[in-house]
Amino acid sequence: MEILLVIIIGLLYAAGIYMILRRSLVKLIIGLILLGNGANMLIFLLGRVVKGHPPIIGPTEKILADMYADPLPQALILTAIVISFGLQAFAIILVKMAYKVVKTDDLDEMNATDEDL
Amino acid sequence: MSNPYIVLPIIFQLFLAILLMFCWTQKNLQKLVSTVGSLIAVAIAVIMFAQVWKSGTLVTQAGNWGAPFGITFVADTFSVLMVLLTTLSGLAVSVFSVGAVRNARVKFGYFPILHFLIMGLCGAFLAGDIFNLYVWFEIIIISSFVLITIGGEKAQLEGSIKYVTMNLLASVVFLTAIAVLYGLTGSLNMADLSLKVAEIENRGLVNVTAILFLVGFGIKSAVFPLYFWLPASYHTPPPAISAIFGGLLTKVGIYALLRVFTLIFIPDAFMITLISIMAALTILSGGIGAMIQNNIRKIFSYLIICHIGFMLAGLGMYTELAILGTVFYLVHDIIVKTNLFMVSGLIFKIKGTYSLRLLGGFYKDYPKLSLLMAIPLFSLVGIPPLSGFWAKFYLIRGGLEVDNLVLVGFIILGSFLTLFIIARFWSEAFWKTGEELPKKLKVKYYHELKPLKQKAMVVSILFLAFISLGIGLGAEYVIQVASRVAEELMNPQSYIEAVLGKL
């Protein structure tokens with residue numbers, strides 16, 4: 001399971017960075033989404049993947065005696081997903097607006113910021 | 001000491017932003033509420049600063065979940081100092097916006113978002129939990145995204161694409177760093193991390209994590225070679241927005257770097273060398289970049305980068321004296337950079353252009369305003385007794401103390417570059433005989449504005465200029481504050497004890 005996750009995370013990061021380096025704006029957004037998902041998976045993996053041990057203290061026990069799945073990474077991932085959802089929604093609208101105004105989705109042709117006044 | 005009131009600056013800004021949303025259609029009411037609210041925020045920050053100064057680090061645990069399990073807010077001297085500076089430049093920008101931001105932008109919620117941004121900044125300075133810091137960073141960037149795109153001009157949208165991309169990338173790197181750190185230690189509380197990271201035996205892995213943090217915060221604070229988004233975007237939004245960005249957004253990256261590299265990762269020789277090299281190249285690239293620019297806001301953008309290098313250099317020297325210099329520089333830089341972007345906005349409102357070549361004759365036409373603008377400009381150069389001088393003095397003394405002559409050389413070189421740039425700026429924009437510029441129809445000129453708006457712009461510049469003068473002339477007091485901050489940063493035991501209780 002860990003090996004599989006490691007490979008998937010590596011692929012997500014690699015694909016994300018590759019997509020960011022492309023010139024098309026849409027691919028840029030896809031790259032950012034992939035990177036965000038890669039980071040979420042990384043948190044999940046590094047929180048130690050444990051199968052079938054929920055972090056619930058039984059009625060007769062005082063502490064968790066057995067090994068248990070750490071619930072914190074899931075809370076972190078949930079937060080990160082919500083945040084990245086908002087940011088990505090914004091980024092998509094921004095790209096759409098930019099396409100309407102600049103009339104290109106090629107990053108190399110967006111040079112208005114370098115113009116000398 | 002536990003004190004739940006330290007989240008008040010955050011809650012207050014949230015309250016203010018919500019209140020402003022209720023006056024969505026009443027533009028004048030929004031301006032009034034924003035100004036009065038910013039004044040109250042300054043008062044809160046001053047009271048908090050006084051309390052922390054008197055009784056030491058204050059801590060609050062959210063929901064009474066004891067550290068390291070709950071979310072912690074910590075107000076040590078550094079945090080409250082940054083909150084105070086944030087509210088001060090927030091007040092200045094809020095007043096400046098009354099005059100300088102067009103009604104069309106106010107209609108789309110400029111003021112509420114401005115206060116959400118300030119809330120995020122206060123939160124980032126008070127966070128005692130690394131994941132909470134990440135969340136505050138996200139609040140800062142989402143607010144800044146809205147501010148940088150509001151109005152939707154062509155240059156603004158192009159600039160914001162670069163800005164948004166790099167900031168999202170920085171967030172991903174930061175999140176990755178948090179993931180690795182959590183995997184290594186199983187904790188997110190910064191005080192707890194400080195203890196746990198020190199015990200890890202695999203130092204190589206610790207250094208890799210530290211570099212991930214360095215890259216994440218480095219993109220945000222625009223250090224070499226991660227700064228290219230800054231000069232591409234900071235000159236595109238209206239000057240009031242550039243002012244709050246230039247004054248505070250890069251500095252929050254420097255704050256995070258200082259916090260993380262003094263509390264969690266104590267840099268070893270390799271990290272020190274890496275930070276020093278980055279600092280030297282940041283100074284050089286920022287300074288040289290500013291020399292060839294013609295747009296005055298781009299000049300200031302590159303100068304931000306150059307001076308971020310100074311602060312990073314202080315971290316690279318890593319002694320108490322050098323950190324003192326960095327903190328002093330931070331205090332000086334937040335006020336001066338906010339003011340400079342407001343000055344550029346006022347020049348634009350009067351002349352209708354940002355081009356240094358076209359500007360001229362400002363001193364002849366507006367001698368009083370020119371003298372006022374001279375204060376932030378020459379503070380930036382560091383002409384004694386203005387504020388920049390003392391900051392550089394301590395940085396250079398810190399460098400000499402550890403015999404890091406290369407870095408000292410770069411700081412002096414950076415100062416000369418700044419002097420050259422400001423001297424050129426002064427002679428081109430203020431002393432050169434100006435030609436009559438063609439009137440632009442789209443620009444609303446200064447003399448066409450209502451007197452209240454004119455006064456708002458001048459008063460906010462005057463306010464920050466007075467603070468700059470105050471920092472320069474009352475340097476003794478600022479040094480007391482900065483030296484206490486440096487002492488607390490270099491000896492994190494008091495921070496850890498305040499959060500986790502006596503060990």
Side-chain angles (χ1 to χ4, degrees), chain A residues 9 12-13 16-17 20-21 25 28-29 31-48 70 72-73 75-77 79-84 86-105 107 109-117, chain B residues 69 131-132 134-135 137-139 141-142 145-146 148-149 152-169 171-184 186-188 229 231-236 292-298 353-359:
Chain A
I9 292 166
L12 280 174
Y13 270 83
I17 288 168
I20 284 181
L21 296 177
L25 281 180
L28 180 81
I29 300 285
L32 287 171
I33 294 173
L34 289 178
L35 269 180
N37 287 345
N40 289 341
M41 297 277 273
L42 186 68
I43 301 177
F44 182 59
L45 174 72
L46 289 173
R48 306 286 183 275
D70 189 353
L72 193 62
L76 301 185
I77 294 167
T79 316
I81 287 175
V82 173
I83 290 172
S84 57
L87 291 175
Q88 283 154 11
F90 179 86
I92 290 168
I93 299 295
L94 174 65
V95 165
K96 191 170 170 247
M97 276 294 290
Y99 181 72
K100 260 192 185 161
V101 174
V102 191
K103 301 201 173 55
T104 174
D105 81 328
L107 272 172
E109 282 169 32
M110 297 203 162
N111 298 323
T113 54
D114 301 329
E115 275 166 17
D116 211 13
L117 287 173
Chain B
F69 302 109
F131 194 77
N132 201 230
Y134 166 78
V135 176
F137 265 98
E138 298 302 294
I139 291 175
I141 64 172
I142 191 82
F145 290 172
V146 178
I148 203 170
T149 49
E153 286 160 23
K154 188 179 172 210
Q156 245 186 316
L157 287 173
E158 290 189 11
S160 56
I161 283 189
K162 292 156 196 174
Y163 179 79
V164 166
T165 309
M166 285 316 277
N167 270 292
L168 287 179
L169 192 64
S171 302
V172 170
V173 176
F174 186 15
L175 192 60
T176 309
I178 291 174
V180 177
L181 194 60
Y182 184 74
L184 278 174
S187 180
L188 291 168
W229 56 271
S233 61
Y234 268 30
H235 65 287
T236 58
I292 57 161
Q293 295 300 327
N294 179 45
N295 182 335
I296 55 175
R297 282 207 284 174
K298 271 195 185 173
T353 179
Y354 287 114
S355 167
L356 201 54
R357 239 173 273 135
L358 297 177
L359 284 170

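Order of the sequence lines fixes the chain letters, A, B, ..., with proteins taken first and strands second; residue numbering starts at 1 for each chain. These values consider heavy atoms only, across backbone and side chains, with no hydrogens, waters or symmetry-generated copies.
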Under 4.5 Å heavy-atom distance to chain A, tell me which part of [X] shows up: side chain, backbone, both or neither.
X	result
Phe145(B)	both
Val173(B)	neither
Ile178(B)	neither

Heavy-atom proximity to chain B below 4.5 Å, by part of [X]:
X	result
Ile83(A)	side chain
Leu76(A)	both
Leu25(A)	side chain
Ile29(A)	neither
Leu45(A)	neither

Contact summary for Leu46(A) and Ala179(B), nearest pair of heavy atoms: CD1-O, 3.3 Å
Counting C-beta onward and ignoring hydrogens, is there a side-chain heavy-atom pair between Leu168(B) and Leu35(A) closer than 4.5 Å? no
Under the rule for side-chain contact (heavy atoms from CB on, under 4.5 Å), what residues qualify as partners of Met166(B), not counting sequence neighbours? Leu169(B), Ile219(B), Trp229(B)
Greatest number of heavy atom pairs closer than 4.5 Å to chain A - which of Val146(B), Ile161(B), Thr236(B), Val164(B): Ile161(B)
Partner chain A: residue of Asn167(B), Ile139(B), Leu157(B), Val135(B) with the largest heavy-atom pair count (under 4.5 Å): Leu157(B)
Does atom CZ of Phe44(A) have more than 12 heavy-atom neighbours, drawn from other residues, nucleotides or ligands, at distances under 6.0 Å? no
Applying a heavy-atom distance below 4.5 Å, give me the residues of residues 98-105 of chain A that approach chain B, sorted by number. Ala98(A), Val101(A), Val102(A)
Among Ile17(A), Val95(A), Leu72(A), the residue with the most heavy-atom pairs under 4.5 Å to chain B is Leu72(A)
Selection from Leu87(A), Asn40(A), Leu28(A) maximising heavy-atom pairs under 4.5 Å formed with chain B: Leu87(A)
Contact list for residues 172-184 of chain B, test side chain to side chain donor-acceptor pair (under 3.5 Å), sequence neighbours left out: Tyr13(A)-Thr176(B), Asp70(A)-Tyr182(B)
Pair listing, side chain to side chain donor-acceptor pair (under 3.5 Å) test, anchored in residues 152-161 of chain B, at least two apart: Arg105(B)-Glu153(B), Arg105(B)-Gln156(B)
